[in-house]
Amino acid sequence: GAEYSETLTATGDTPIAWSVKAGSNLPAGLTLDSVTGVISGTPTAEGTIAFTVVASNGAATNDEKTFSIKVDPAVYKIEVNPATLDFGSVQMGYTAPAMQNVTITNTGNQSVEVALPASTDYSIVAGTGFTNDKAMLAPNATATFSVQPKTGLATGGHNETLAVFGSNGANASVSLAFKVNSVCPFSVKGGTLGTDYMWDYDQDADWGELRIKTTTPLTISTNDSVTNAGIVTDVGEGYADNYAQVTFAGVSIQLGDASNARADKAALCVASGGLVLNLAEGSTNLLESGDNRAGLENGTHNVALNGSGRLRTVSMNGAGIGGADGQAGGNINISGNAEVRSMSHFGAGIGGGRGGCSDDIMVDGGTVTALSREAAGIGGGIGAPAPSPYDKIAIVSGIVNASSGEGSAAIGAAAGCKSTRIEIGFQDSYPCLNLTSRDGSTYLGNGVGYSGGAAVVRIRDGFFASDGATV
């Protein structure tokens, strides 16, 4: 399909006449000029063709030579670069992201006419090589166009395959990605959206997530109770001081409901690194997770809770503060003048979820109320395995109200389970403890029915109130 031209030469007296030897043929579509010796034309069939050319000038002996011409198939092909454009995610009321450019290259051996692509959700602007939205590209030639999401798009993902059409079936495509999130229900002060924290909303699942990515201090609040979103701290591992620095200045997240639609969603989850959670003075905060997650869930990660505000945490199978259903609670430290009320049904008020033991737990100030319907107030959840001998529950100072389920210790282990070590008081610290158990059986140590060794309980100082404590 491409034009071909080649001139043959010979030495000798002129004029020289050129001809194709009888029984030999040029490739279809080509001719030999008998005067100039030019083979030219447009081949119409592919393949390698051998032929013999005769040169004569009237002398007794003519000269001849065999040639071959290879005719490649016609290739109509274009490629685009880049083949993927990701415009990220924005919130409703957004300003359109910056345009991104795409280059089209003719990688075939034939000229191709390319049409400017079209889209419903994206603006497409012609660049170099286009005239009246068309670009005629010779082999190896290029043209460009720009792509930009339109403003005012609805919430949700706007993923699209942008088709680029060329003549003779020379087509290509560009994958486009852009997402419009609903307005974030969390007010965040400090840091930068997209760098220090991200807001992502899945419209199909009606679920949003505020993900904290760095240790930059952030202050978070809500105007109303949030029922379809949670907070995740995800600052990464590897550094002793790699803690998200978060202040709650009036946060309310309520994910529990009669339909249990959010059973596997956490109000606040520490996914990596640690968390320092400060409760702003005078603030009231609520973290109610779905049934299978802890109210404030730290799993294997460390959490330090301080400040002078109030926090209430609620779960069914997870701990109020600590592990999710089937999960131990990571290290937990409560200090300052915070007022914390943490509740669970089958998990500990503070510590392990159902089937999970506690790691290190320290209360060193504030007023802490830890309640469980079936498990320990502070310690392990129902059915927890034996804890590590290196972990302990330390009540150093502050006021602690702990209440447990039937046969479970107010501080220690659930019924039939072994308690971690317990230490009450330290030097000149005088914690005040009010311990209750649903059946009045155990207040500190192992759960009723545990057949192993006695719990290790060390009481140095403090004030206790109970209705007939058994230690």
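Values in this document were obtained by computation on a predicted structure and should not be read as measured data.
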Practice problem: Show the numbers, then the answer: is there a side chain to side chain contact (heavy atoms under 4.5 Å, CB included) between Thr161 and Leu176? | Solution: CA-CA 6 Å; Thr161 298; Leu176 307 179; over 6 Å; no
Quiz prompt | For Asp202, all residues meeting salt bridge (charged side-chain N to carboxylate O under 4.0 Å, His left out), sequence neighbours excluded | solution =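 With sequence neighbours excluded, Asp202 shows a salt bridge (charged side-chain N to carboxylate O under 4.0 Å, His left out) to no residue whatsoever.
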Practice problem: May I have all residue pairs that pass side chain to side chain donor-acceptor pair (under 3.5 Å) and include part of residues 136-149, sequence neighbours excluded? | Solution: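 For residues 136-149: Asn101-Ser146, Thr128-Thr144.
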Exercise. For Gly166 and Val112, work out which heavy atoms get closest and say how close.
Key: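 Answer, listing the atom of Gly166 first, then Val112: CA-CG1, 3.9 Å.
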Quiz item: Does a donor on one side chain and an acceptor on the other come within less than 3.5 Å for Thr216 and Gln245?
Solution: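 Side chains of Thr216 and Gln245: no pair found under 3.5 Å.
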Practice problem: Considering only NZ, NE, NH1 and NH2 on the basic side and carboxylate oxygens on the acidic side, decide whether Lys213 and Asp234 come within less than 4.0 Å. | Solution: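 A salt bridge is present here (some side-chain N lies under 4.0 Å from a carboxylate O).
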Practice problem: Scan for side chain to side chain donor-acceptor pair (under 3.5 Å) pairs involving residues 331-357, sequence neighbours excluded, and state none if there are none. | Solution: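 Qualifying pairs, neighbours excluded: Asn302-Asn331, Thr313-Ser342, Asp325-Arg354.
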Quiz item: Between the side chains of Tyr94 and Asn181, does any donor sit under 3.5 Å from an acceptor?
Solution: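 Side chains of Tyr94 and Asn181: no pair found under 3.5 Å.
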Quiz item: Any chance the side chains of Asp291 and Asn317 put a donor and an acceptor closer than 3.5 Å?
Solution: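 No, no side-chain donor-acceptor contact under 3.5 Å.
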Self-check item: Modelled atom types, side-chain donor and acceptor of Ser272 and Glu237, under 3.5 Å
Solution: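 The answer is no; no qualifying pair exists.
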Practice problem: Go through the side-chain N and O atoms of Ser397 and Asp364 and say whether any donor and acceptor fall under 3.5 Å apart. | Solution: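 Yes.
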Quiz item: Which class fits the ring pair Phe178 and His158: parallel under 30°, tilted 30 to 60°, perpendicular over 60°?
Solution: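 If you compare the ring of Phe178 with that of His158, the planes turn out tilted.
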Quiz item: Is it the case that Asn285 and Ser283 place a side-chain donor and acceptor less than 3.5 Å from each other?
Solution: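 Asn285 vs Ser283: donor-acceptor pair found between side chains.
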